[in-house]
Amino acid sequence: MTGWAGTFPKYINLNNLHNTTMINIVLFGKPGAGKGTQAEFLKEKFNLTHISTGDIFRFNLKNNTDLGKEARGYMDNGELVPDELTIKMLKDEVEKNPETAGFLFDGFPRTIAQAEALDKFLESKNWKVTATIALEADDEVLVKRLLERGKTSGRPDDQDEDKIRTRYQEYNEKTAPLIDFYTNQNKFYPVNGIGSVAEITARLSAVIEKL
């Protein structure tokens with residue numbers, strides 16, 4: 001799977017997106033697609049609270065919170081952290097920002113089960129996901145991008161091509177089904193993730209400004 005072109009409707013009805021007072025964006029794409037970089041620009045431009053599940057996990061583990069201790073117990077046993085625990089961490093982070101204009105979810109949801117859990121949580125607060133925006137790029141382009149990044153990032157998972165491709169396979173199997181999930185809700189927006197940072201930011205901004 002090298003891209004999502006042709007897997008989504010060309011035109012999506014925006015009418016049902018205007019009945020919310022908050023803009024809650026799910027930003028996703030394969031490793032190396034540039035989510036973190038773009039999230040920094042988007043949160044400033046649209047006054048959104050950026051919630052990165054990776055950052056949340058690191059915070060809870062580093063500060064040895066109750067949730068962090070629980071997560072570490074699973075990790076130390078070589079087990080995946082359950083969705084319920086991830087959602088608890090995310091809820092805590094959301095509750096810290098009651099006056100926000102909206103949230104930018106980065107790295108979550110990754111699966112249908114997580115998407116359903118997120119919908120349920122937001123509905124409990126009379127909120128909802130406004131749109132899911134996916135940064136698209138060909139696998140081969142992203143592999144080269146990560147290998148190049150690995151030369152300076154020091155991250156071992158960016159320096160092994162086999163591991164990178166394994167990550168993409170896992171993404172395709174678990175996360176790509178979210179395309180259908182959000183397309184069925186008229187909330188899926190693919191964006192070309194190839195180009196300069198400024199060009200990609202402009203494309204993402206154009207989508208958000210129409211919501």
Side-chain angles (χ1 to χ4, degrees), residues 1-53 55 90 93-94 97-112 114-138 141-142 145 171-172 175-211:
M1 181 174 178
T2 59
W4 296 338
T7 63
F8 46 84
K10 185 176 181 181
Y11 300 104
I12 300 178
N13 187 351
L14 298 179
N15 292 333
N16 65 339
L17 295 181
H18 292 282
N19 58 355
T20 180
T21 57
M22 294 183 69
I23 296 178
N24 296 312
I25 304 294
V26 172
L27 182 65
F28 72 89
K30 295 178 182 178
K35 296 187 300 298
T37 298
Q38 292 301 326
E40 290 301 310
F41 288 101
L42 296 176
K43 73 176 185 180
E44 296 297 331
K45 184 169 184 177
F46 295 99
N47 193 29
L48 301 175
T49 300
H50 179 207
I51 294 187
S52 164
T53 48
D55 290 344
L90 184 141
E93 198 65 24
V94 167
N97 299 277
E99 303 301 323
T100 186
F103 292 96
L104 181 63
F105 296 102
D106 172 8
F108 190 93
R110 294 179 183 271
T111 65
I112 297 294
Q114 290 181 355
E116 291 173 341
L118 178 61
D119 280 350
K120 184 176 181 180
F121 167 56
L122 293 178
E123 286 170 5
S124 73
K125 304 181 77 65
N126 293 318
W127 299 340
K128 64 181 179 179
V129 170
T130 309
T132 295
I133 305 177
L135 283 171
E136 294 188 322
D138 184 88
V141 173
L142 293 180
R145 185 183 290 178
Y171 178 95
N172 290 338
T175 307
L178 286 169
I179 298 171
D180 290 337
F181 180 84
Y182 284 112
T183 297
N184 289 336
Q185 298 182 26
N186 292 331
K187 294 180 180 180
F188 180 72
Y189 299 84
V191 170
N192 182 1
I194 301 299
S196 68
V197 171
E199 288 171 338
I200 299 169
T201 302
R203 294 171 196 153
L204 291 168
S205 298
V207 172
I208 295 175
E209 287 167 356
K210 292 179 181 177
L211 298 176

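Computed from a predicted structure; not experimentally measured.
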Exercise for review: Could you grab the distance from atom OH of Tyr189 to atom CD1 of Ile133, nearest 0.5 Å is fine?
Suggested key: 8.5 Å

Practice item. Indicate yes or no: at least one non-hydrogen side-chain atom of Thr132 is less than 4.5 angstrom from one of Phe181. Key: no

Check your understanding: salt bridge (charged side-chain N to carboxylate O under 4.0 Å, His left out): which pairs involve residues 99-112, sequence neighbours left out?
Key -> none

**Study point:** For Thr49, side-chain hydrogen bond (donor to acceptor under 3.5 Å, both in side chains) partners two or more places apart
**Key:** Thr100

Point to revise | salt bridge (charged side-chain N to carboxylate O under 4.0 Å, His left out) partners for Glu116, two or more places apart | key: none

Check your understanding: With sequence neighbours left out, what residues match Ser196 under side chain to side chain contact (heavy atoms under 4.5 Å, CB included)?
Key -> Ala198, Glu199

Practice item. Output the distance between atom CG (Asn192) and atom CG (Leu204), rounded to the nearest 0.5 Å. Key: 10.0 Å

Check your understanding: Does Asn47 have any side-chain hydrogen bond (donor to acceptor under 3.5 Å, both in side chains) partners at least two apart in sequence or in another chain, and if so, which?
Key -> none

**Study point:** pair Thr175-Lys30: side-chain heavy atoms closer than 4.5 Å
**Key:** no

Exercise for review: Of all the heavy-atom pairs spanning Phe108 and Thr53, show the shortest one and how long it is.
Suggested key: CB-CG2, 3.2 Å

**Study point:** Ala117: partners by side chain to side chain contact (heavy atoms under 4.5 Å, CB included), with sequence neighbours left out
**Key:** Ile87

Revision key, fill the gap. Of all heavy-atom pairs linking Ile23 and Thr130, the shortest is CA-OG1, 3.5 Å

Review point. Would you call Val94 and Leu122 a side-chain contact if the rule is heavy atoms closer than 4.5 Å?
Key: no

**Study point:** Which residues share a side chain to side chain contact (heavy atoms under 4.5 Å, CB included) with Val197, sequence neighbours left out
**Key:** Thr37, Gln38, Phe41, Thr201

Review point. Who pairs with Asp119 by salt bridge (charged side-chain N to carboxylate O under 4.0 Å, His left out), at least two apart in sequence or on another chain?
Key: none

Practice item. Name all residues meeting the side-chain hydrogen bond (donor to acceptor under 3.5 Å, both in side chains) criterion together with Glu40; count only those two or more places apart in sequence or in a different chain, and write none if there are none. Key: Lys43

**Study point:** Under 3.5 Å: donor-acceptor pair, side chain of Asn97, backbone of Glu93
**Key:** yes

**Study point:** Nearest atoms (heavy-atom pairs only) where Pro109 meets Val26
**Key:** CD-CG1, 3.7 Å

Point to revise | ring-ring contact (aromatic ring centres under 6.0 Å, His included) against Phe103, all qualifying residues, sequence neighbours excluded | key: Phe105, Trp127

Check your understanding: For Lys35, which residues count as a salt bridge (charged side-chain N to carboxylate O under 4.0 Å, His left out) partner, sequence neighbours excluded?
Key -> none

**Study point:** 4.5 Å side-chain heavy-atom contact, Asp180 and Ile112
**Key:** no

Revision key, fill the gap. Note: Gly193 and Leu135 closest approach over all heavy atoms is CA-CD2, 4.1 Å

Exercise for review: To the nearest 0.5 angstrom, please state how far the CD atom of Glu44 sits from the NE2 atom of His50.
Suggested key: 11.5 Å

Review point. So how far is it from Glu123 CD to Leu118 CG, rounded to the nearest 0.5 Å?
Key: 9.5 Å

Check your understanding: Within a strict 4.5 Å, meaning less than it, do heavy atoms of the Leu42 and Ile25 side chains meet?
Key -> no

Point to revise | Closest approach of Ala134 to Phe188 (non-hydrogen atoms, all atoms of both residues) | key: CB-CE1, 3.6 Å

Point to revise | Reference residue Leu104; test side-chain contact (heavy atoms from CB on, under 4.5 Å); the match among Asn24, Leu48, Ile208 | key: Leu48

Practice item. Go through the structure and list residues passing side chain to side chain contact (heavy atoms under 4.5 Å, CB included) with Glu209, not counting sequence neighbours. Key: Lys45, Phe46, Ser205

**Study point:** Minimum heavy-atom distance between Ala115 and Leu178, given as atom pair plus value
**Key:** CB-CD2, 3.6 Å

